[in-house]
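Chain naming here is simple, since letters A, B, ... match the order of the sequence lines and numbering starts at 1 in each.
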2 protein chains.
Amino acid sequence: MDIMRNLPATNSTKSVSITLTDRLFDTLQKAIVEGEIPSGSKISEPELARQHSVSRGSLREAIGRLEARKLVERKPNLGARVVTLSYEQLIEIYQVREALEGMAARLAAQNMSETEIEELQALLEKHGHEIEEQHGQAYFQKQGDLDFHYRIVQGSKNQQLIGLLCNDLYHLLRMYRFQFGMRSKRSQQAYDEHHYLLNAIVSRDPEMAELLMRQHIRSSRRNVERMLLEN
Amino acid sequence: MDIMRNLPATNSTKSVSITLTDRLFDTLQKAIVEGEIPSGSKISEPELARQHSVSRGSLREAIGRLEARKLVERKPNLGARVVTLSYEQLIEIYQVREALEGMAARLAAQNMSETEIEELQALLEKHGHEIEEQHGQAYFQKQGDLDFHYRIVQGSKNQQLIGLLCNDLYHLLRMYRFQFGMRSKRSQQAYDEHHYLLNAIVSRDPEMAELLMRQHIRSSRRNVERMLLEN
DNA sequence: CCTGACAAAAGTGTCGACACTTTGAGGATT
DNA sequence: AATCCTCAAAGTGTCGACACTTTTGTCAGG
């Protein structure tokens, strides 16, 4: 119902987390995504617990959830480490996104309400202006792009799909964007692709929507591949 | 590497779980999937802890993981309940499967080794014999079908994809099969479809493999839809 | 100098107890 | 009889302590 309340940027699990473990989880997730806790580093439970003034028990529950989101890896009796990012894993994520968001676009073309579509059109138009003004200030790739995709996923109305993309994959992807410094000069092209896709949704053409979304993500992936191979 | 060690039927997280929480998690997951703990029922931590002779702390960690797999739902201060199954959710799961396994088939056509393909052929042939002998004894839909799909997912070599399908979705799906009593007389048709799909993989035709997998899952979904609408 | 045994230190796994929240039964008021 | 209040009972959230495992650092023997 209140899709608008779920801000894409501030995607904390609850708007205001009640339990200590919840807040701790949000804090740690942010710290990991933004690289404050370096990727690949070991996590010492006693130390982290002291730093955040919580008991080890609560910390452990938080770490458990981070593990479920694949932000940390745990081995019995050996402790937890923040995941190490790799080129290969990033490609894998794009492949999964292509499949899932393609389906999301298909369903969105069927299930989005007229008002949702209008809002999405307004959002896209706003992006267009920002690109003109700021001349592709990397804002687009980083936040605007996620915004747009987020809405389409929500528009699919498929809770399973929404959960997988917005909980499991979204944060991993953001982590890569943060730490691999992925800004692109592809703003204009991405914007155009979003436009084509939106047209397909307006026309209620599921087949075309899926096709265009998959092409869009593939082309975004190729962009990342090129960028990373330059290093 | 040791794909063969990961038996589809006995999909415990580790071959032998070391920690108490791990074993408890496996036990509870099995109990929930097979309906021993009824779907929709409330979970009392003290009671369950006593039943399994564990402390509440360990139990809570196990429940946390079950929540991550969407087998239980938790609300702060109100406790946890086993998920309630619904027709709508089942459809959603099939849509996600169509997307993910379609991609898996595509990747499997590219990445499966020759020996893996041969093993898969042997497996399928065995299924064929079983169908002839037992005259579609519901065995196929329930285990053989999962077996086949499991191998293809593994064959994609995409760890993200494997994780999502074999950890997050697989168990939910098994739960539906158990509790909705989903046996079908579609064994022969499913077997045929598996055959076509395998041919595409043998020919290393990713496009065709994805197409056939998606058709296969769609038709399986329609079968379920028909079956449930009879009630 | 290197290697391997052994003990101390640090870290993880598990537990029982306490504090706070919700539930529910019983009684007082209208 | 119905509604609201109160307070005990049950349940969840959080904590600190103990047991067991892994790591570290030291020393003896080669």
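- Protein atom CG of A:Leu20 is 11 Å distant from nucleotide atom P of D:dG16, rounded to whole Å.
- Going from atom CG of A:Leu59 over to atom P of D:dT14 covers 12 Å, rounded to whole Å.
- Taking atom CZ of A:Arg81 as the reference point, atom P of C:dG11 lies 13 Å away to the nearest angstrom.
- Distance, A:Glu61 CD to D:dT12 P: 12 Å, rounded to whole Å.
- Between the CZ atom of A:Phe25 and the P atom of D:dT14 there is a distance of 15 Å, rounded to whole Å.
- For B:Thr21 and C:dT14, the shortest distance from a side-chain N or O to OP1 or OP2 is below 4.0 Å.
- Protein atom CZ of B:Arg74 is 9 Å distant from nucleotide atom C1' of D:dT12, rounded to whole Å.
- Atom C1' of nucleotide C:dG11 and atom CZ of A:Arg56 are separated by 7 Å, given to the nearest angstrom.
- Residue B:Gly79 is in sugar-phosphate contact alone, with no base atom involved, counting any heavy-atom pair closer than 4.0 Å across all strands shown.
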Let me have the donor-acceptor pairs involving side chains of residues 71-83 of chain B, under 3.5 Å, with sequence neighbours excluded, atom names and distances please.
residue	atom	partner	partner atom	Å
B:Arg81	NE	B:Gly40	O	3.2
B:Arg81	NH2	B:Gly40	O	3.4

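- Of the residues in residues 37-45 of chain A, those placing a heavy atom less than 4.0 Å from an atom of DNA chain C are A:Lys42, A:Ile43, A:Ser44, A:Glu45, in numerical order.
- Closest-nucleotide positions on DNA chain D for A:Asn77 and A:Ser55 were compared, and the one nearer the 5' end corresponds to A:Ser55.
- Surrounding CD of A:Glu36 are at most 12 heavy atoms belonging to other residues, nucleotides or ligands under 6.0 Å away.
- The only option from B:Arg69, B:Arg174, B:Glu34 that meets the side chain to side chain donor-acceptor pair (under 3.5 Å) definition with B:Gln29 turns out to be B:Arg69.
- Taking 4.0 angstrom as the limit, B:Ser58 places a side-chain polar atom (N or O) nearer than this to OP1 or OP2 of C:dC15.
- There is no side-chain donor-acceptor pair under 3.5 Å between B:Thr21 and B:Thr19.
- Atoms CD1 (B:Ile63) and P (D:dG11) sit 13 Å apart, rounded to a whole Å.
- For A:Arg214, the side-chain hydrogen bond (donor to acceptor under 3.5 Å, both in side chains) partners are A:Glu98, B:Glu210, not counting sequence neighbours.
- Nearest nucleotide to the B:Val54 side chain, out of C:dC15, C:dT14, C:dA17: C:dC15.
- Along DNA chain D, the nucleotide closest to A:Ser53 and the one closest to B:Leu78 are compared, and the more 5′ of them pairs with B:Leu78.
- The nearest pair of heavy atoms linking B:Val96 to B:Leu169 is CG1-CD1, 3.5 Å.
- At least one donor-acceptor pair under 3.5 Å links the side chain of A:Thr27 to the backbone N or O of A:Arg23.
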